[in-house]
Structures are given as structure tokens and as C-alpha cells.
Amino acid sequence: MRFNTQKYRQLELFIKTEPGKTGRLHMISGSARKMFRIDQYRKWMRIAVNQGTTYEMTPEDCEISYAYLSGCENIMERGICLIQDGRFYGKSQWAGWYDTPVRNQFHLSPLKGWMNDPNGFCFYHGYYHLFYQFHPFSEEWDNMYWGHAVSQDLIHWVHLPVCMEPQQEILNHPELVGGAFSGTALIDDEQKMRLFFTRHIGKRKEPQNMREYQVMTESWDGISWERESRIIDGPEDEEIQDFRDPKVFFEDGEYKMIIGTRTKEHPAVALYKSYNLVRWTYCQEIFEEKQEEGCFPLECPDLYKLDNQWVLTAGYCGNVDEHGRKNGTYYHIGEWYQDQFHAETKGLYDFGADFYAVQTLETEIGRVAIGWISDVAKEHVKSVNGACGSMSIPRVLHVKDGRLYQNPVQGIYQLIRYPVYEGCDENVELSGIEGNTYYVRLELEHSADFRMTLYKWKDRKLYLEQKDGQCRFRTVGEGAKNILYPADIDQVTVVEVFVDRNVCEVFLNEGQAAGAKKFYQQSEMGNFEFHVQEKGAVKSLLVEKMEGIW
């Protein structure tokens, strides 16, 4: 592979070998030659290079899975430069890189590999920072790294260098699995960014014997990181199982950390306290889920005050509800006092089942949430240089009438380009929507049964429909299993839909409920169909083309 470093000063490579084998990487620049031994079966190499210099790179008995240039002036604006198949993909070329039938156009997703939970969502030195679980070697979950992206408007993102990797013990032994798991960020009074997250390690064939502990690392610029410190070991109490995803905040003169866990009897959220962010003391469980059957861990907990009420959220890992939806994220609205959360109401964060591990941040536009658009049904189709996983459209939150309201951030509407249909017909059929990225807004005179066909590929379909007053997703066709995904509200009269190639997000009744759903298809042309049974029920229907963020 031949490349020129342009204005970059560092080459970063993610290289894999067969377990037990040693690879070599040869680099030539002019008369200078270097050889690097690859003695780990998965290795992240950072090599200093000269700016504006051409290099020839040849791997031997190893494979370069992911390669990019980093280390330049204005990295927050310029971002990394992907190197793939002898071609360069800087920020101005990312649009072409993402332009495939199965890649999202306006949802944040990695350049390559696997993405899951959002991490460290914060605002720092003029940028929104979002870290995320990342596996650069394949489109599958495996040993966890942390990817990193920044934005100034929560819509357009810039990819930055990877910032965390698995423990060396894991990288040296293929039979182990784990790495840098989920966590959050805290900006302290000195304007230092601190990241708190879980380290996980265990044997691949013995997942029940894994170990989890909490660590902290610091940065003055959001790019380079000090050596991490181990701050909380996993509990020795055998009744406490699973121990992950710290959320840290400052309250009443002390730092508090909540952690997702479970006792032998109930899913739970545990509380730790500290005065210096280094020494932490266990306090108690602040919340136990006693309404659901089974004992599963709570994950990615969050706690915040919103519209004068307290909200506690968590992912219910492994839980299956009465409709067959797995891994739901739930919110609880109630009171927080004397280090206990007293829940009063409970709701499903997202009725589509493909939204998980949500993190929130207080911003100038209010409390904003971002979740992972997952693939619970495991329908992902691998592609050359592809990626699996993306982030949701950021959502602005409010509490009204005892439930959590969610609306897309206003910036997303700036991506709307031109109308495809505008009217009030009872039957609409649109085909060949360019790029399969579009926006729908439906307003009904009153609640009426309707059906929207959002995706259609071979014998598979995804409907958003209202039947007998119940609004829901419905999947049809082989592999879809004819599952219903009902929203827990009645009498829907306003519907917003954002379709983005392989994912759609729906907002009902101006944020009263939200749903995200994956659907894999192989066409860049979108299809939309609409039918309502009652004549005169449609106040307005608008379908508009959307552009991408790259």
C-alpha cells in the first residue's frame, strides 16, 4: 500500500494475525526502510511519520484491518484520514465512502467495524464529544476499544482517533475477551475532562467467570490521555453480580457514581461516593427493579433532574417483555433524596426495541439524549468495508404528564432538501425516492387507523400502523417473525418519521413516544406507501427528501 502523509504526523494501524503466529510490517520511504514485528494477534500500532512524505507499506503474515492518519493541526475540524485499498478518505471524501445501499447517511456510524454503546457524552472546549464502544477488526462485537467523534451542532460529526484499547493481557491471549466497556465523562472545575469506565476481562468460553472493575483517565485537550487509574474493584460480595457502566456527577459537595448491577434477587443500581474522584466508598443500592420477572443486570444507568422531576434510566439487559422485545431501555420518574431513588412512574424509552445504552447531557437547548441503534434481531448483512451499528438522532427530553417526551433536535430538519409529496390523499404510493433517505410528517384530523410501508425488500416489509387505536411497528416476511412493537400511547394524530437506508426513527404526538427500528435492504431507492381507512381523516401528509451529514 502506497500513501502520502499530507499534513498528518502519525499513522495508526489495527493489525491482526493468526493466533500464535508472528507477522511483519515493512515500511519504505526513499532509501529509509523499517520493519516492525507483529507479535500480538490483535495490535494497534501508532507510528510517527513525516508530513508530506510518501511511504510504501507491505504487511507479511498479517492483515491491516483499519488504517488512518492522525496527529495534525485542527484535528477537531479536519478529523482523521482513512486509508483503504490505496485510496485516501479525508473529511471531504467521507460522503463517497458512506454512499452504499446499507450505510446510514445522517446517523453517526463508524468508518469501519462495529459500534455499540455511546460513552462519555459531554461538551468540552467548544465541541460535543461522543465516545463509543468500537471493534475495528470486524462488523461483530468482540474486544472493546473506544472510538471518538466530535460535533458542533449534534448533527454533523468528525471522526477522531481511537482513544482506548483492551488490556494487554487480552491482546496477548486470544482465549480472553473484554476491554474498555461503557462509561461517562465529567468536566471538573479545572476544565479537565475525566472519563470513568468499566474494564472487563474473562474467558470466551466461560462468560460467567468474568471480572469487572472501574477506572478513570484524564485529558486536558480531549485527544491525549493520561495513564488510567483503577479506582473501584468489583464487589467481593457474592450476592452482587455484574458491575458496570459508571455515571459520575457532583451533588451536595461530593462526587457520586451510580453503577449498573444485580443482586441475587433483583436488577439494581448501586451508589458510590468520593470527595476526590480517587477514593470511592460503597453506599447502597439506590434502586431495585422488583416488577420484572427474572434477575438480569441493569446497564448504562443515568440519573438527572428534568422539568423539576428526577429521572432514572437503565438498559434491561436480557429482559424480554410480553411482546417479545428484548433488551429494552426503561425510564423511571420519581424523587431522589437521601441517596435513594423513589420511582413513581415507569415507561419504555423506545418502542422499536433497537435503541439502547442511552446517555444524556444538559445543553443550551435542554437535556439531550443519544442511544445506540442496535440490531436485536441480528439481521445485519456484512459488506465490503462495512460497519454495524449507529447512534440515534439526538433527542431533546422533557417530562410531561408523568411520562418522558422525546423530540429530535432541531438541527436535523436542516437536512431536509425538497418535497416528494404534499397533500391529504387517503392513498399514497411513492417509489424511487433517491438515496432512501426521507422525512415524513402526517397530521390527522382525529385518531384513525392507518398504515405506512416504510421498507419493502423482497418478501420483507416494515410497517408503521395504527389499528384499533394502537400505533406500532409491524414486521412481515422471512426472518422478521411477524413481531409487533406497540407504542404505549393511544390516539395518535401526529407522526414524524426519519428513514435513513437501514434504520428509521419515529416520533408520535409531538414526542409522546419514540421508536427506532432497523431494516436491512440492498436498494438506494426508497419506497413509501400510505393508506388510511377513513375518508377525510388526513389533515396533511408531507414526504421530503433528506441529505446526509458527510
Participant: Would you say Glu510's side chain and Leu508's backbone share a donor-acceptor pair under 3.5 angstrom?
Facilitator: no
Participant: What about Trp114 and Phe137, are their ring centers closer than 6.0 Å?
Facilitator: no
Participant: Examine Lys400 relative to Tyr405 and say whether NZ or CZ is less than 6.0 Å from the centre of the six-membered ring and inside a 45° cone about the ring axis.
Facilitator: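 Cation-pi check for Lys400 and Tyr405: passes.
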Participant: Could you tell me whether Tyr255 and Phe250 have their ring centroids closer than 6.0 angstrom?
Facilitator: yes
Participant: If you apply the rule ring-ring contact (aromatic ring centres under 6.0 Å, His included), what do you find for Tyr520 with His380, and how did you get there?
Facilitator: CA-CA 7 Å; Tyr520 281 92; His380 177 69; 5.1 Å; yes
Participant: Are Lys467 and Glu465 close enough for a salt bridge, meaning some N to O gap below 4.0 Å?
Facilitator: no
Participant: Strictly distance-based, threshold 3.5 Å: is any side-chain N or O of Asn104 a donor or acceptor partner for the main-chain N or O of Phe106?
Facilitator: no
Participant: Would you mind listing every salt bridge (charged side-chain N to carboxylate O under 4.0 Å, His left out) that reaches into residues 137-148, with sequence neighbours excluded?
Facilitator: Glu140-Lys382, Asp142-Arg204
Participant: Below 6.0 angstrom between ring centroids: does that apply to Phe287 and His332?
Facilitator: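 Phe287 vs His332: aromatic centres under 6.0 Å.
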Participant: For this output row, return yes or no: ring centroids of Tyr132 and His148 closer than 6.0 angstrom.
Facilitator: no
Participant: Which pairs of donor and acceptor atoms, one on a side chain in residues 304-313, lie under 3.5 Å apart (sequence neighbours left out)?
Facilitator:
| from | atom 1 | to | atom 2 | distance (Å) |
| --- | --- | --- | --- | --- |
| Asp307 | OD2 | His398 | ND1 | 3.1 |
| Asp307 | OD2 | Val399 | N | 2.8 |

Participant: If you measure only the distance, is there a donor-acceptor pair under 3.5 Å linking the side chains of His446 and Glu534?
Facilitator: yes
Participant: Nearest 0.5 Å, please: how far is SG in Cys283 from CD1 in Ile258?
Facilitator: 12.5 Å
Participant: Hey, does Lys545 have a side-chain heavy atom less than 4.5 Å from the side chain of Tyr439?
Facilitator: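 Not touching, per the 4.5 Å side-chain cut-off.
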Participant: Partners of Asn509 by side chain to side chain donor-acceptor pair (under 3.5 Å), sequence neighbours excluded?
Facilitator: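 For Asn509, the residues satisfying side chain to side chain donor-acceptor pair (under 3.5 Å) (neighbours in sequence not counted) are Gln512.
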Participant: Using the side chain to side chain donor-acceptor pair (under 3.5 Å) criterion, which residues pair with Tyr356? Sequence neighbours excluded.
Facilitator: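 Here the qualifying residues are Glu299.
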Participant: Taking NZ, NE, NH1 and NH2 as the nitrogens, is one of them in Lys247 or Asp245 under 4.0 Å from a carboxylate oxygen of the other?
Facilitator: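 No, no charged N to carboxylate O under 4.0 Å.
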Participant: Determine, for Glu529 against Arg451, whether the closest basic-nitrogen to carboxylate-oxygen distance falls under 4.0 angstrom.
Facilitator: no
Participant: Would you kindly check if the NZ (Lys) or CZ (Arg) of Lys517 is within the cone defined by 45 degrees around the ring axis of Tyr485 and under 6.0 Å from the six-membered ring centre?
Facilitator: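 So Lys517 does make the cation-pi contact.
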Participant: Just checking, is any N or O donor in the side chain of Lys461 or Thr453 under 3.5 Å from an acceptor N or O on the other one?
Facilitator: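 Distance-only check fails for Lys461 and Thr453.
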Participant: Looking at Arg395 and Glu505, is any side-chain nitrogen of the basic one under 4.0 Å from a carboxylate oxygen of the acidic one?
Facilitator: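 Judged by the 4.0 Å cut-off on N to carboxylate O distance, Glu505 and Arg395 do form a salt bridge.
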Participant: For Tyr98, check ring pair (Phe, Tyr, Trp, His ring centres under 6.0 Å) against everything at least two apart and list the hits.
Facilitator: Trp550
Participant: When you look at Glu524 and Arg103, which way does the salt bridge (charged side-chain N to carboxylate O under 4.0 Å, His left out) test go after all the steps?
Facilitator: CA-CA 10 Å; Glu524 290 186 7; Arg103 295 297 300 268; over 6 Å; no
Participant: Within 45° of the axis and under 6.0 Å from the centre of the six-membered ring of Tyr330, does NZ or CZ of Lys346 qualify?
Facilitator: yes
Participant: I'd like to know if Lys518 pairs up with Asp354 as an ion pair, taking the criterion as any Lys NZ or Arg NE/NH1/NH2 lying under 4.0 Å from an Asp or Glu carboxylate oxygen.
Facilitator: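 A salt bridge is absent here (no side-chain N lies under 4.0 Å from a carboxylate O).
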Participant: With Tyr349, which residues qualify under ring pair (Phe, Tyr, Trp, His ring centres under 6.0 Å), at least two apart?
Facilitator: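 Expected list: Phe355.
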Participant: Between Glu445 and Lys539, does at least one N-O distance fall below 4.0 Å, as a salt bridge requires?
Facilitator: no
Participant: Using modelled atom types only, decide if a donor and an acceptor are shared between the side chain of Asp117 and the backbone of Ala357 within a distance under 3.5 Å.
Facilitator: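 No; judged by distance alone, with no hydrogens or angles, the pair does not exist.
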Participant: Main chain of Gly402, side chain of Thr345: is a donor-acceptor contact present, judged purely on distance under 3.5 Å?
Facilitator: yes
Participant: Take Tyr316 and Phe296 through the ring-ring contact (aromatic ring centres under 6.0 Å, His included) test and state the conclusion after the steps.
Facilitator: CA-CA 7 Å; Tyr316 282 40; Phe296 47 86; 5.4 Å; yes
Participant: Keeping Asp242 on the side-chain end and Pro297 on the backbone end, is there a donor-acceptor pair under 3.5 Å?
Facilitator: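 No; zero donor-acceptor contacts below 3.5 Å.
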Participant: Measure from the side-chain N and O atoms of Ser151 to the backbone N and O of His156, and report whether any donor-acceptor pair falls under 3.5 Å.
Facilitator: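 Yes, the answer is positive, given that a donor and an acceptor are paired below the 3.5 Å cut-off.
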Participant: Is there a donor in the side chain of Asn327 and an acceptor in the side chain of Asn319, or the other way round, less than 3.5 Å apart?
Facilitator: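 No pair is found: no donor N or O on one side chain lies under 3.5 Å from an acceptor on the other.
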Participant: Checking Asp500 against Thr437: is there a side-chain donor and acceptor pair closer than 3.5 Å?
Facilitator: no
Participant: Do Glu335 and His342 have a side chain donor and acceptor closer than 3.5 Å?
Facilitator: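 Side-chain D/A pair, Glu335 to His342: absent.
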Participant: Output yes when a side-chain donor or acceptor of Trp146 lies under 3.5 Å from a complementary backbone atom of Phe181, and no otherwise.
Facilitator: yes
Participant: Judged by atom type as modelled, is there a donor-acceptor pair below 3.5 Å linking the side chain of Asn143 to the main-chain atoms of Gly178?
Facilitator: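 Looks like yes, one N/O pair under 3.5 Å.
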Participant: Using modelled atom types only, decide if a donor and an acceptor are shared between the side chain of Gln466 and the backbone of Ala448 within a distance under 3.5 Å.
Facilitator: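 Yes, the answer is positive, given that a donor and an acceptor are paired below the 3.5 Å cut-off.
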Participant: Roughly how far apart are Thr493 OG1 and Phe450 CZ, rounded to 0.5 Å?
Facilitator: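 If I round to the nearest 0.5 Å, the distance is 10.0 Å.
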Participant: Looking at Glu251 and Lys256, is any side-chain nitrogen of the basic one under 4.0 Å from a carboxylate oxygen of the acidic one?
Facilitator: yes
Participant: Looking at Gln284, I want to see if its CD is surrounded by more than 12 non-hydrogen atoms of other residues, nucleotides or ligands under 6.0 Å.
Facilitator: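 Enclosed.
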Participant: Taking Gln414's backbone N and O only, do any of them form a donor-acceptor pair with Arg417's side chain (distance below 3.5 Å, no angle check)?
Facilitator: yes
Participant: Does a salt bridge link Arg367 with Asp302, judged by any charged N lying under 4.0 Å from a carboxylate O?
Facilitator: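 Salt bridge: no.
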Participant: Would you say the side chains of His135 and Tyr145 form a donor-acceptor pair under 3.5 Å?
Facilitator: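 No pair is found: no donor N or O on one side chain lies under 3.5 Å from an acceptor on the other.
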